[in-house]
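Input: a single structure, listed below in structure tokens.
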Amino acid sequence: MKPLRELCAGELPRLVMFDLDGTLVDSVPDLATAVDRMLVELGREPAGVEQVRKWVGNGVRVLVRRALAGGLDHAAVGEAETEEALARFLDIYADCHELITLYPGVHELLEALSTAAVELAVVTNKPERFVAPLLEQVGLGGYFRWIIGGDTLPQQKPDPAALLQVMHLAGVSQSQALFVGDSRTDVLAARAAGVPCVAVSYGYNHGRPVAEEKPQLVVDSLAELL
């Protein structure tokens with residue numbers, strides 16, 4: 001795991017934190033199904049998978065607002081409209097987990113880190129209640145000691161609060177931790193927390209190359225970290 005050692009002063013990190021959607025799992029097909037059903041119920045045209053792929057990454061509230069706006073800019077969407085649509089989305093998404101898939105290289109990396117006694121955590125903007133069941137569904141349920149969802153704390157990424165909380169719980173310093181994500185939101189959170197960031201090139205960064213966000217390392221597969 002030479003790349004990880006190079007990011008942590010020649011040692012393996014004691015803690016690796018992972019984003020979920022777009023990093024460990026491809027959840028967009030399920031999210032798109034839920035978004036489209038919500039939109040149809042509200043009398044609107046469905047958005048489709050490719051549009052939803054550009055909208056995810058900032059939590060379900062922002063995803064719903066973008067769906068209502070039909071684009072990334074959702075400033076004109078009202079709160080009452082948001083609350084109604086969000087409630088429908090959450091009800092629908094609770095039963096939309098049939099299409100989620102694990103990215104190549106994920107299981108191999110997590111197994112290697114676990115074998116090396118590296119502590120693991122998931123830090124995601126997805127509502128916490130959905131996270132553990134999804135991890136179990138794709139065979140990752142036993143790897144993570146800590147799970148921080150988008151509603152676990154008052155703040156969400158790119159705020160560093162969740163990363164700092166996990167580091168505190170793990171009793172590690174910034175130089176002993178690492179964050180792995182797929183988007184600008186993840187890179188900014190890691191930067192604000194003072195930890196190195198590995199970004200995957202295949203994730204959801206609103207249609208832009210994640211290398212533009214200047215993480216410490218970009219990989220095409222998590223297997224490259226082995």
Side-chain angles (χ1 to χ4, degrees), residues 18-74 77 82 84-110 122-141 143-144 147-151 156-157 180-186 199-210 218-223:
F18 292 87
D19 174 54
L20 179 61
D21 301 294
T23 301
L24 300 177
V25 299
D26 184 5
S27 56
V28 161
D30 287 325
L31 289 167
T33 297
V35 165
D36 285 349
R37 283 178 55 187
M38 174 198 75
L39 289 172
V40 169
E41 287 188 12
L42 295 173
R44 298 168 179 249
E45 290 295 317
V49 170
E50 292 312 309
Q51 282 297 325
V52 173
R53 192 175 297 276
K54 296 177 183 178
W55 296 340
V56 300
N58 300 102
V60 293
R61 175 177 290 271
V62 173
L63 172 60
V64 166
R65 289 176 64 89
R66 286 171 174 160
L68 293 174
L72 289 172
D73 184 359
H74 53 85
V77 178
T82 298
E84 177 189 2
L86 179 60
R88 289 301 309 126
F89 174 83
L90 291 173
D91 283 346
I92 294 166
Y93 184 59
D95 296 319
C96 287
H97 303 307
E98 297 178 356
L99 303 177
I100 190 169
T101 56
L102 194 64
Y103 287 114
V106 169
H107 187 272
E108 292 83 352
L109 177 63
L110 296 181
V122 166
V123 179
T124 173
N125 283 345
K126 183 186 289 294
E128 183 180 348
R129 68 183 182 273
F130 295 124
V131 180
L134 289 181
L135 291 172
E136 288 289 344
Q137 182 175 332
V138 295
L140 301 183
Y143 285 109
F144 300 100
I147 292 174
I148 305 291
D151 51 1
Q156 290 188 343
K157 297 177 299 180
V180 181
D182 70 304
S183 70
R184 174 177 173 80
T185 297
D186 296 324
V200 297
S201 62
Y202 52 73
Y204 319 143
N205 191 40
H206 314 306
R208 302 178 63 86
V210 73
V218 178
V219 295
D220 296 326
S221 166
L222 290 182

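Since the model is a prediction, treat every value here as computed from it, not as a measurement.
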Least distance between heavy atoms, [X] atom then [Y] atom:
| X | Y | value |
| --- | --- | --- |
| Leu222 | Thr23 | CD1-O, 4.1 Å |
| Val77 | Ala69 | CG2-CB, 3.8 Å |
| Asp186 | Lys157 | OD1-NZ, 2.8 Å |
| Asn205 | Asp182 | CB-O, 3.8 Å |
| Val52 | Ala47 | CG2-CB, 4.3 Å |
| Ser221 | Pro104 | OG-O, 3.5 Å |

Stepwise side-chain contact (heavy atoms from CB on, under 4.5 Å) check, Leu140 with Val122: CA-CA 11 Å; Leu140 301 183; Val122 166; over 6 Å; no
Might you confirm whether atom [atom1] of [X] has over 12 heavy atoms from other residues, nucleotides or ligands at distances under 6.0 Å?
| X | atom1 | value |
| --- | --- | --- |
| Arg208 | CZ | no |
| Arg53 | CZ | yes |
| Glu128 | CD | yes |

Euclidean distance, [Y] [atom2] relative to [X] [atom1], rounded to 0.5 Å:
| X | Y | atom1 | atom2 | value |
| --- | --- | --- | --- | --- |
| Asp36 | Arg44 | CG | CZ | 13.0 Å |
| Gln137 | Leu135 | CD | CG | 10.0 Å |
| Thr124 | Phe130 | OG1 | CZ | 11.5 Å |
| Asp26 | Leu102 | CG | CG | 10.5 Å |
| Arg37 | Asp91 | CZ | CG | 10.0 Å |

For [X] and [Y], indicate whether the former's side chain and the latter's backbone hold a donor-acceptor pair under 3.5 Å.
| X | Y | value |
| --- | --- | --- |
| Glu41 | Arg88 | no |
| Asp220 | Tyr202 | no |
| Asn125 | Gly150 | no |
| Asp30 | Leu99 | yes |

Go through Gln156 and Thr185 one step at a time and tell me if the side-chain contact (heavy atoms from CB on, under 4.5 Å) criterion holds. CA-CA 9 Å; Gln156 290 188 343; Thr185 297; over 6 Å; no
According to the interplanar angle, ranging from 0 to 90°, do the rings of Phe144 and Phe18 count as parallel (below 30°), tilted (30 to 60°) or perpendicular (above 60°)? perpendicular
Taking the six-membered ring for Trp, are Phe89 and Tyr93 parallel (under 30°), tilted (30 to 60°) or perpendicular (over 60°)? parallel
Test Val28 against every option in Val35, Val56, Ile100, Thr33 by the side-chain contact (heavy atoms from CB on, under 4.5 Å) rule and name the one that passes. Val56
Are Trp55 and Leu72 close enough, and set up right, to give a side-chain contact (heavy atoms from CB on, under 4.5 Å), and what steps lead you there? CA-CA 6 Å; Trp55 296 340; Leu72 289 172; 3.8 Å; yes
How about Lys126 and Ile147: do any of their side-chain heavy atoms sit closer than 4.5 Å? no
Are the side chains of Asp19 and Val200 in touch, meaning some heavy atoms are under 4.5 Å apart? no
Determine, stepwise, if the pair Asn58 / His206 fulfils side-chain contact (heavy atoms from CB on, under 4.5 Å). CA-CA 10 Å; Asn58 300 102; His206 314 306; 3.3 Å; yes
